[in-house]
Amino acid sequence: MSIKVITFDLDNTLWDVEPALVKAEQAQFLWLQEHYPRLTQRFSKAGIREHRMKFWKANPELAHQISELRIQSTRELLRKSGYSETQAGAAAEQAFATFLSVRHQVEPFQEVVEVLEQLAGKYTLGALTNGNADVFKLEIGVCFDFAYTAEQVNASKPLPNMFHAALERTGVRQQELLHVGDNPEHDVGGAHAAGVYSVWLNPGGRAWPGGEPAHAEICNLRQLAGAIAKIDELAGRRADSQEPAP
């Protein structure tokens, strides 16, 4: 019994997402300022963000559709700013395209490329993200065999849907899949809800917030090989004792 598939969270696991999001929202705002100035005269960046959160609460069907949420929220702001339905629809799509392009300008953590290249020859690698980053638009995408987003399965971690999709895609058993992520609730809790193994990436040395802990904890992805070995050993013991896994 051993791990055959490793899935990774993306934002804040393989890169720091905050700088990219800040730049992406600034790029979108400047694009709107140039092409649809009535909106930016009426709404600041903070106002746009506040409206998006209110729009999200008012439209629960978009809970797992963050790209569509941004588009529809911007479209409504454009209409509120006096633009026609046709103008608002086209502009919202273009504004989001501007946002998404810059949103993908992320810088993987220093060790990420080395670790992924080492793992890619031994395991099937996947990405499971609540965000709207497409790992195949990045240079590290060549290391991955598949990816799922919350938008694709219409369910965000810690719901188990993405993990189930990964299991179906790869055809492995639950005890042969390991998920790596930085979020105790979304990544560790989601992995456990799906019955797969988990590794908590905790570079800041935070205290475990409670609940069922991860099967292994690391502070740097270079420690992942050791965590995999530990979990392989655990899986072997469970198989020998016929204990349910993970």
Side-chain angles (χ1 to χ4, degrees), residues 2-23 103-149 156-158 162-163 166 170 172 175-194 196-237 246:
S2 61
I3 298 301
K4 296 179 180 177
V5 178
I6 302 174
T7 58
F8 290 88
D9 174 55
L10 296 180
D11 294 334
N12 296 325
T13 294
L14 300 188
W15 57 72
D16 181 4
V17 71
E18 189 61 26
L21 290 178
V22 169
K23 291 178 182 178
R103 188 255 191 274
H104 279 90
Q105 294 175 15
V106 295
E107 186 67 32
F109 295 130
Q110 184 178 7
E111 66 279 3
V112 165
V113 173
E114 174 190 349
V115 171
L116 290 178
E117 287 179 346
Q118 290 173 351
L119 295 173
K122 302 176 183 178
Y123 303 93
T124 298
L125 301 187
L128 306 178
T129 178
N130 285 352
N132 50 14
D134 179 354
V135 74
F136 295 115
K137 291 184 177 180
L138 308 175
E139 289 185 10
I140 62 172
V142 297
C143 295
F144 286 84
D145 300 285
F146 67 92
Y148 290 104
T149 68
S156 304
K157 297 173 292 184
M162 270 188 276
F163 299 98
T170 57
V172 300
Q175 59 266 37
E176 296 172 324
L177 192 149
L178 166 67
H179 180 68
V180 183
D182 70 292
N183 191 288
E185 178 186 1
H186 297 165
D187 294 306
V188 177
H192 294 176
V196 305
Y197 285 107
S198 64
V199 172
W200 182 34
L201 177 63
N202 181 23
R206 293 173 289 164
W208 180 251
E212 184 184 358
H215 296 98
E217 177 181 337
I218 59 177
C219 65
N220 186 289
L221 283 178
R222 290 195 177 98
Q223 298 173 324
L224 184 55
I228 296 169
K230 172 185 173 182
I231 291 172
D232 273 339
E233 182 181 351
L234 173 62
R237 289 201 305 270

Minimum heavy-atom distance between [X] and [Y], given as atom pair plus value:
| X | Y | answer |
| --- | --- | --- |
| Leu10 | Ala133 | CD1-O, 4.0 Å |
| Pro108 | Ile140 | CG-CG2, 4.3 Å |
| Ala227 | Ala216 | CB-CB, 3.8 Å |
| Met162 | Thr149 | SD-C, 3.7 Å |
| Phe144 | Ala127 | CD2-N, 3.8 Å |
| Gly131 | Asp11 | CA-OD2, 4.2 Å |

Quick one, [X] and [Y] - any side-chain contact, counting heavy atoms below 4.5 Å?
| X | Y | result |
| --- | --- | --- |
| Asp9 | His186 | no |
| Val113 | Glu139 | no |
| Ile228 | Ile6 | yes |
| Val115 | Arg222 | yes |
| Lys230 | His215 | no |
| Arg206 | Pro184 | yes |
| Ser2 | Asp232 | yes |
| Val142 | Glu117 | no |

Side-chain ([X]) to main-chain ([Y]) donor-acceptor, under 3.5 angstrom:
| X | Y | answer |
| --- | --- | --- |
| Ser198 | His179 | no |
| His104 | Leu138 | no |
| Asp145 | Leu125 | yes |

Give, for atom [atom1] of [X] and atom [atom2] of [Y], the distance between the pair rounded to the nearest 0.5 Å.
| X | Y | atom1 | atom2 | value |
| --- | --- | --- | --- | --- |
| Trp200 | Cys219 | CH2 | SG | 11.0 Å |
| Glu185 | His192 | CD | NE2 | 13.0 Å |
| Leu116 | Phe8 | CG | CZ | 5.5 Å |

Using side chain to side chain contact (heavy atoms under 4.5 Å, CB included), reason through Tyr148 and Thr7 one step at a time and then give a plain yes or no. CA-CA 10 Å; Tyr148 290 104; Thr7 58; over 6 Å; no
Test Thr13 against Asp182 for side chain to side chain donor-acceptor pair (under 3.5 Å), laying out the working first. CA-CA 5 Å; Thr13 294; Asp182 70 292; 2.9 Å; yes
Take Leu221 and Phe109 through the side chain to side chain contact (heavy atoms under 4.5 Å, CB included) test and state the conclusion after the steps. CA-CA 9 Å; Leu221 283 178; Phe109 295 130; 5.8 Å; no
Give the C-alpha distance, both sets of side-chain angles, the deciding distance and a yes or no for side chain to side chain contact (heavy atoms under 4.5 Å, CB included) between Leu178 and Tyr123. CA-CA 10 Å; Leu178 166 67; Tyr123 303 93; over 6 Å; no
Which of these, Asn130, Asn183, Asp187, sits in a side-chain hydrogen bond (donor to acceptor under 3.5 Å, both in side chains) with Lys157?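 So the option named by the test is Asp187.
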I'd like to know whether Glu176 forms a side chain to side chain contact (heavy atoms under 4.5 Å, CB included) with Ile3, so could you lay out the CA-CA distance, the side-chain angles of the two residues, the decisive distance to 0.1 Å, and finally the verdict. CA-CA 4 Å; Glu176 296 172 324; Ile3 298 301; 5.7 Å; no
